[in-house]
Student: 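Before I ask anything, let me first share the structure, which is written out below as structure tokens.
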There are 2 protein chains.
Amino acid sequence: MLMPPADAYPEKSIVTQLRAYLAQADLPQDGRIPPERDLAVALGVSRTELRKALDVLESEGQLWRHVGKGTFMGSRPLDTFADIAALARRSNPAEVMRARLVIEPEIARAAAFTATPAAISEMRLCLARSRQAETWRQYEGWDARLHRTIAEATQNSLLLGLFDTLNAVRRAVTWGRLRTAPVKPLPSHHSFTEHDAIVDAIEHRDMTGAAAAMRTHLRSVERKLLDKQDARADEG
Amino acid sequence: MLMPPADAYPEKSIVTQLRAYLAQADLPQDGRIPPERDLAVALGVSRTELRKALDVLESEGQLWRHVGKGTFMGSRPLDTFADIAALARRSNPAEVMRARLVIEPEIARAAAFTATPAAISEMRLCLARSRQAETWRQYEGWDARLHRTIAEATQNSLLLGLFDTLNAVRRAVTWGRLRTAPVKPLPSHHSFTEHDAIVDAIEHRDMTGAAAAMRTHLRSVERKLLDKQDARADEG
DNA sequence: TTGGATACCAATTATGATTTGGTTTATATT
DNA sequence: AATATAAACCAAATCATAATTGGTATCCAA
């Protein structure tokens with residue numbers, strides 16, 4: 001059997017050339033390779049031929065391309081694992097509660113270290129407003145804002161994002177409980193003093209105390225949640 | 001008792017005037033009200049006075065403001081950005097490291113309570129494989145799997161989801177690292193013994209010890225990260 | 001028929017000007 | 001002296017526009 005002439009598989013040689021280039025060139029962190037137009041010039045081939053070679057490498061799964069973005073080595077990044085709906089479907093109220101107990105005390109601890117006076121003022125505002133709430137709906141609004149203000153006080157956008165994700169799942173999870181509680185929070189509502197303790201600790205830069213107070217609060221919420229007598233799905 | 005003159009409490013009258021305007025004007029769907037500069041002209045007051053009135057309404061929780069966005073009626077919507085890419089764009093390596101220090105020790109603590117023998121076996125496997133790694137890429141693979149196995153061991157799908165989100169952001173964030181480290185992890189690599197300590201504590205159901213060991217490990221990784229001599233951004 | 005250059009398209013990114021809430025400063029005004 | 005006003009400035013966010021980039025179609029030449 002005769003060997004084919006050297007240029008019988010021109011695309012093959014270009015693929016080889018391209019592989020050599022990609023192995024030699026040090027790519028940026030995201031694995032992006034030069035745009036097709038530039039790369040064609042650099043390799044001394046037409047864009048059409050280069051694209052054929054890129055097609056081969058893409059079919060091999062060695063790179064991925066997207067209009068407007070560019071061409072990248074490696075495998076295409078999986079899109080948004082943080083699908084709230086999917087998470088909520090797999091999860092349940094007990095898990096949410098346990099996750100809160102894992103995450104939020106540590107967020108409170110971090111907040112005690114980084115909280116600004118302005119953030120603490122906002123926390124105080126939330127405390128006052130939640131006490132004045134005329135309906136559970138209003139109360140829950142100020143309660144949610146308090147907890148988020150604490151997360152913001154960490155000054156860490158990633159922690160805040162994780163907190164928001166946790167919160168979104170919490171809202172999405174079906175609690176299967178009815179809102180049969182009294183029409184408005186009573187002054188004796190356990191959360192009031194517990195919230196106060198959390199903010200006090202943060203204000204005094206007491207990291208351990210803040211974490212402990214938050215844990216106590218969430219445990220209290222958890223108890224109410226599991227208590228069949230008080231079927232209200234309290235949000236803490 | 002005499003009535004005070006009409007302008008004795010100018011801020012009060014402006015608040016009233018503002019309330020009337022907001023009640024009368026039909027606001028757009030998002031509840032946005034005109035910019036302060038325009039509204040001041042429309043109401044015939046100075047911007048300073050208008051802002052005082054807006055402060056009152058804001059403290060009442062009837063509106064919220066944000067620089068660059070505008071002023072809106074109602075309560076501030078909590079922007080849940082579960083989008084990995086968006087999170088990564090706003091974050092940075094330091095934030096990621098701090099977030100890991102907040103989250104992962106508590107995950108290790110929870111895992112010490114819930115881990116099954118099978119999960120612990122898998123952790124041991126990861127330890128062994130990571131020691132046998134011939135390249136940093138291989139090592140990182142087993143390292144990542146170890147940390148995820150610990151998160152799985154909590155048997156909490158929500159915690160696992162949050163861990164995955166954190167991990168995705170970590171990978172997406174630009175580290176700007178230099179791969180100047182040796183071609184493969186040395187036997188003396190600090191992570192080996194630290195990983196061992198974590199798994200040992202989990203196996204002995206030592207919750208406090210697991211959290212402490214994880215914290216020690218991540219602090220060590222953090223140190224390496226900030227060390228200019230060893231610019232390799234170790235992944236733990 | 002094949003390959004190459006060109007132009008065009010839609011998705012994306014980059015850029016610069018503009019808007020907006022927040023703050024400071026100088027100047028009247030009382 | 002105290003207060004209000006106007007103006008300027010700042011940083012965050014938005015908007016509008018241009019420039020990139022992978023994908024596709026067209027025309028021309030070999």
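Proteins come first, then strands; the chains are lettered A, B, ... in the order of their sequence lines, and each starts at number 1. Only this structure's heavy atoms are used, side chains among them; waters, hydrogens and symmetry mates stay out. Quick caveat: nothing in here was measured; it's all calculated off a predicted structure.
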Student: Give me the ring orientation class for A:Y139 and A:H195: parallel if the planes are under 30° apart, tilted from 30 to 60°, perpendicular past 60°.
Tutor: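 A:Y139 vs A:H195 ring planes: parallel.
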
Student: Could you state the atom-to-atom distance from CG of B:L39 to P of C:dT19 in whole Å?
Tutor: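 B:L39 atom CG is separated from C:dT19 atom P by 17 Å.
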
Student: By nearest nucleotide on DNA chain C, pick out whichever of A:S46 and A:R32 is the more 5' one.
Tutor: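 This one resolves to A:S46.
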
Student: I'd like to know if A:R145 and A:E122 make a salt bridge, using a cut-off of under 4.0 Å between side-chain N and carboxylate O.
Tutor: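 Looking at A:R145 and A:E122, the cut-off is met.
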
Student: Considering just the side-chain nitrogens and oxygens of B:R37, establish if one lies under 4.0 Å of OP1 or OP2 belonging to C:dT19.
Tutor: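 For C:dT19, OP1/OP2 do not have a side-chain N/O of B:R37 under 4.0 Å.
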
Student: Which value, rounded to the nearest 0.5 Å, describes the distance between A:F72 atom CZ and A:R65 atom CZ?
Tutor: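 Answer rounded to 0.5 Å: 12.5 Å.
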
Student: Rounded to whole angstrom units, what separation is found between the CG atom of A:L57 and the C1' atom of D:dG22?
Tutor: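 Atom CG in A:L57 sits about 16 Å away from atom C1' in D:dG22.
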
Student: State whether the side chain of B:Q17 and the backbone N or O of B:L43 hold a donor-acceptor pair below 3.5 Å, judged by distance alone.
Tutor: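 Checking the backbone N and O of B:L43 against the side chain of B:Q17, a donor-acceptor pair under 3.5 Å is found.
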
Student: Tell me: CD of A:E36 to C1' of D:dT21, nearest whole Å?
Tutor: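 Taking atom C1' of D:dT21 as the reference, CD of A:E36 is at 8 Å.
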
Student: Tell me: CD1 of A:I14 to P of C:dG3, nearest whole Å?
Tutor: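 A:I14 atom CD1 is separated from C:dG3 atom P by 10 Å.
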
Student: Would you mind telling me which of C:dT12, C:dG21, D:dT14 lies closest to the side-chain atoms of B:R51?
Tutor: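 Given the options C:dT12, C:dG21, D:dT14, the side chain of B:R51 is closest to C:dG21.
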
Student: Nearest heavy atom decides the nucleotide; on that basis, is B:V67 or B:R47 closer to the 5' end of DNA chain D?
Tutor: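 Of the two residues, B:R47 wins.
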
Student: Cut-off 3.5 Å, side chains only: do A:T216 and A:E194 have a donor facing an acceptor?
Tutor: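 No, because no side-chain N or O of A:T216 sits under 3.5 Å from a partner of the opposite role on A:E194.
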
Student: Just the rounded figure in Å: distance from C1' of C:dT20 to CZ of B:R65.
Tutor: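 Those two atoms, CZ and C1', are 11 Å apart.
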
Student: How long is the line joining CH2 of B:W64 and P of D:dA13, in whole Å?
Tutor: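 Those two atoms, CH2 and P, are 11 Å apart.
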
Student: OP1, OP2 of D:dA4 versus side-chain N and O of B:T48: anything below 4.0 Å?
Tutor: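 For B:T48, the contact criterion (side-chain N or O under 4.0 Å from OP1 or OP2 of D:dA4) is not met.
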
Student: Side-chain N or O of B:T71 less than 4.0 angstrom from OP1 or OP2 on C:dG21?
Tutor: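 Looking at the OP1 and OP2 atoms of C:dG21, one of them is under 4.0 Å from a side-chain N or O of B:T71.
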
Student: Rounding to a whole Å, what distance do you find between A:K52:NZ and C:dG3:P?
Tutor: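 It is 4 Å, rounded to the nearest whole Å.
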
Student: For the side chain of B:E49, starting at C-beta, report the closest nucleotide among C:dG3, D:dA4, C:dG21.
Tutor: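 In terms of side-chain proximity for B:E49, the closest of C:dG3, D:dA4, C:dG21 is D:dA4.
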
Student: OP1 or OP2 of D:dA13 sitting under 4.0 Å from any side-chain N/O of B:H66?
Tutor: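 Yes, because at least one side-chain N or O of B:H66 sits under 4.0 Å from OP1 or OP2 of D:dA13.
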
Student: Just the rounded figure in Å: distance from C1' of C:dT18 to NZ of B:K69.
Tutor: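 Answer to the nearest Å: 17 Å.
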
